[in-house]
Visitor: 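What follows is a single structure, and I will ask about it in a moment.
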Amino acid sequence: MAIDRLVTLGIDEQSSTRVLYVSPLRALAFDVEKNLRAPIVGIRHAAERLGVPFREPSVAMRTGDTSARDRQRMLRNPPDILITTPESLYLMLTSSARTTLANIDTVIIDEIHAMAATKRGAHLALSLERLEELTTRRPQRIGLSATQRPLEEVSRFLGGFRDGIPRPVAIVDAGARKAMEIEVVVPVEDMGELGKVTHELRSGPATAAAVERRTSIWPSITPRILELVQQHRSTIIFCNARRGAERLAAQLNELAADLGLGDTDYVKAHHGSLAREQRIVIEDQLKRGQLRAIVATSSLELGIDMGAVDLVIQVESPGAVSRGLQRIGRAGHSVGEASRGKVFPKHRHDLLEVAVVAQRMMNAEIESTRYLRNPLDVLAQHVVAHVAMHPDCSVESLSAMIRRCANFAELSDEVRNNVLDLLAGRYPSEEFRDLKPRIVWDRIANTLRARDGAQRLAVTNGGTIPDRGMFGVFLPDGTRVGELDEEMVYETRPGETFVLGASTWRIEDVSFDRVIVNPAPGEPGKMPFWHGDRLGRQRTEPTLDPGRLGERGRDRRRGTALARGATGQAA
């Protein structure tokens, strides 16, 4: 429908962005952009055969990977269809690029379930209300997802409120259930024996005999997974952590080389710490049949077209029924074909969870979604950003915009005033006296204006994704390979090798913000680690106090952006 309106516009009509497509993942945004081009070419050929006027719509993508040159080009020549992420939309609304969004008439939010129940979803919902303040007419909002329940809750999140009443939203429920074949695979006879001390003699140095060893499930999982990969044309193996994905990919490659099945690149790892260019190459190799399998995290979970994948393997419980459906659904991603998946539990407790999740997946019993109410750190970010772009903004107009957002429909005047007081420098105690106010609140005229530097703060510290300490990994010619956790970089030295994307790299130099590497194929390398990865198994005994572990034991993630800057630099 949106493309039909674009191609039937006047041939001489000035181009401007009309359709905004919001994707929760950069990889998914890239896939959508690529998949749009073929249909547009087909429509053009059909128009030429029929001899009817045709205006080919332009498509562009703006994400964190978009270069400054491409962003300036889009500012001069706005595309008809803009594909972006929630964070990039926020940045556009808080910069001069906002002028290119004034004529948007359609907003499509893909995989809305992935954001609706999180602060990221509340952040996006406020951005949509700010967009509506900017556009010449209220854009039509379209939310897409195959795993959401209840639909009424998600529809309220999508449509928002007006005058305290939910906006009318039409719910289109296809009612079709994807055929799924799920098998829980336990590759050992007795999972109760896992973790016990073993006295089995192994080859190696004599000192290894004094090291206590425990039985592990991995020597049984890895050969079974490799056997399944050989039996299928194209396989995606999902892990819950980036380090686990790298380790499993390395083990599969090593085992494949020992069996003479291929070289060190029999499978590749795919996750968010790989550079976009590297991810694209890996995805293309799988689609072309050059790779038999890839080991991925959630980077390939949401709706990405991975070609003729006929099997998905999930190592450990996916943690949620909706996440399991999304992952297993990558297999048989065509009309009428069943999705085939095999789930490998790692321990006894995991087996119980896997059994429940698998049963609920077969019955399509997805977890209920409930959007957040009044996340005030998100509100503080958008207040600073909105006021920075609207001088002398009245409190009444700001409140009306905020309460149109479903997440803040129940926001009271008292709570709103508390947030404004905090941002304006009226703090509850002297402990906050060193904090810098971000806005000025004229209580006589009841208007707000931004202080110097507020816009820059809003742009550089926006979003709800934690600001992780990451070092970029680059080749000497400047090609980006991926990123490493700052603590791992601190513990490495030039000349050492590590594994990233199931390929080995040698460190040539470490600067204050990047690591320079060269390929080192065939050489052993240590496994990288990232803070924030999900633990492989919950501990039943008491854990140590992180404060006693020193600086290296603390979680050094920096937390939410402007919550440090506006409310949180305050913190």
Side-chain angles (χ1 to χ4, degrees), residues 22 24 86-87 89-90 93 107 109 111-133 138 141 143 145 147-169 171 319-323 366-387 395-424 428 438-439 448 458 461-466 559-568 570-571:
V22 182
E87 290 71 30
L89 173 60
Y90 168 85
L93 291 170
V107 178
I109 305 173
E111 304 293 355
I112 190 172
H113 74 277
M115 298 177 288
T118 66
K119 286 188 177 182
R120 195 179 182 208
H123 200 275
L124 172 62
L126 273 176
S127 292
L128 294 179
E129 298 303 335
R130 291 177 58 197
L131 175 66
E132 188 170 315
E133 291 279 305
R138 189 166 71 87
R141 302 180 187 180
S145 177
T147 52
Q148 53 188 349
R149 184 176 69 90
L151 296 177
E152 293 74 18
E153 179 82 358
V154 180
S155 69
R156 282 196 299 271
F157 167 78
L158 173 66
F161 285 69
R162 182 174 295 277
D163 299 328
I165 301 174
R167 291 181 178 129
V169 178
I171 299 177
V321 178
S322 58
R323 188 177 300 120
I366 305 167
E367 299 88 356
S368 296
T369 297
R370 186 178 186 272
Y371 59 82
L372 298 180
R373 269 68 172 177
N374 297 338
L376 299 184
D377 52 346
V378 174
L379 176 61
Q381 292 186 36
H382 277 276
V383 168
V384 174
H386 185 77
V387 172
V395 175
E396 288 78 7
S397 63
L398 177 67
S399 299
M401 183 200 71
I402 292 172
R403 288 178 177 137
R404 290 201 304 266
C405 173
N407 302 86
F408 300 95
E410 303 170 1
L411 183 71
S412 66
D413 289 344
E414 180 183 2
V415 174
R416 177 205 63 193
N417 292 342
N418 288 341
V419 173
L420 295 180
D421 279 339
L422 178 64
L423 295 175
R438 305 303 175 187
I439 62 176
L448 305 169
N461 293 281
T464 62
I465 299 176
T560 303
L562 205 49
R564 279 199 330 268
T567 61

Visitor: Any side-chain heavy atom of L376 sitting closer than 4.5 Å to one from L379?
Guide: yes

Visitor: What's the shortest heavy-atom distance between Q148 and V154, and which atoms?
Guide: OE1-CG1, 3.0 Å

Visitor: Please tell me if the side chains of L128 and I109 come closer than 4.5 Å, counting only heavy atoms from C-beta onward.
Guide: yes

Visitor: Do N418 and L422 have side chains that get closer than 4.5 Å, going by heavy atoms?
Guide: no

Visitor: What's the shortest heavy-atom distance between G159 and V169, and which atoms?
Guide: CA-CG2, 3.8 Å

Visitor: At what distance, to the nearest 0.5 angstrom, does OG of S145 lie from CD1 of I366?
Guide: 7.5 Å

Visitor: Starting at CZ of R403, measure out to CZ of R416 and round the result to the nearest 0.5 Å.
Guide: 5.5 Å

Visitor: Could you tell me whether the side chain of D377 reaches within less than 4.5 Å of the side chain of T464, counting heavy atoms only?
Guide: no

Visitor: Please tell me if the side chains of K119 and L372 come closer than 4.5 Å, counting only heavy atoms from C-beta onward.
Guide: yes

Visitor: I'd like to check R141 versus E132 (side-chain heavy atoms, cut-off strictly below 4.5 Å). Are they in contact?
Guide: yes

Visitor: With a sphere of 6.0 Å drawn around CD of E396, does it hold more than 12 non-hydrogen atoms of other residues, nucleotides or ligands?
Guide: yes

Visitor: Can you measure from CD (E133) to CZ (R130) and round to the nearest 0.5 angstrom?
Guide: 10.0 Å

Visitor: Do N407 and L126 have side chains that approach each other closer than 4.5 Å (heavy atoms only, starting at C-beta)?
Guide: no

Visitor: Please report the shortest heavy-atom distance between A125 and F157, naming the atom on each side.
Guide: CB-CE1, 4.0 Å

Visitor: Considering only heavy atoms from C-beta outward, does the side chain of L124 approach that of V22 to under 4.5 Å?
Guide: yes

Visitor: To the nearest 0.5 Å, how far apart are CD1 in I112 and OH in Y371?
Guide: 11.5 Å

Visitor: Could you please spell out the steps behind the salt bridge (Lys or Arg N to Asp or Glu O under 4.0 Å) verdict for E153 and R373?
Guide: CA-CA 12 Å; E153 179 82 358; R373 269 68 172 177; 3.0 Å; yes

Visitor: Start with the C-alpha distance between N374 and V415, add both sets of side-chain angles, then the distance that settles side chain to side chain contact (heavy atoms under 4.5 Å, CB included), and finish with yes or no.
Guide: CA-CA 9 Å; N374 297 338; V415 174; 5.7 Å; no

Visitor: Can you name the side chain to side chain contact (heavy atoms under 4.5 Å, CB included) partners of E87, sequence neighbours left out?
Guide: T85, R120, I465

Visitor: Where is the tightest heavy-atom contact between L423 and A380, given as atom of each residue plus distance?
Guide: CD1-O, 3.9 Å

Visitor: Look at atom CG of D413 and say whether more than 12 heavy atoms of other residues, nucleotides or ligands are closer to it than 6.0 Å.
Guide: yes

Visitor: Do any N or O atoms from the side chain of Q381 and from the backbone of G463 form a donor-acceptor pair under 3.5 angstrom?
Guide: yes

Visitor: Within the side chain of Y90, is there an N or O that forms a donor-acceptor pair under 3.5 Å with the backbone of H382?
Guide: no

Visitor: To the closest 0.5 Å, what do you measure between CD1 (I439) and NE2 (H386)?
Guide: 11.5 Å

Visitor: Is any NZ, NE, NH1 or NH2 atom of the basic residue among R167 and E129 found under 4.0 Å from an Asp or Glu carboxylate oxygen of the other?
Guide: yes

Visitor: In Å, rounded to the nearest 0.5 Å, how long is the span from CG of L93 to OG of S127?
Guide: 5.5 Å

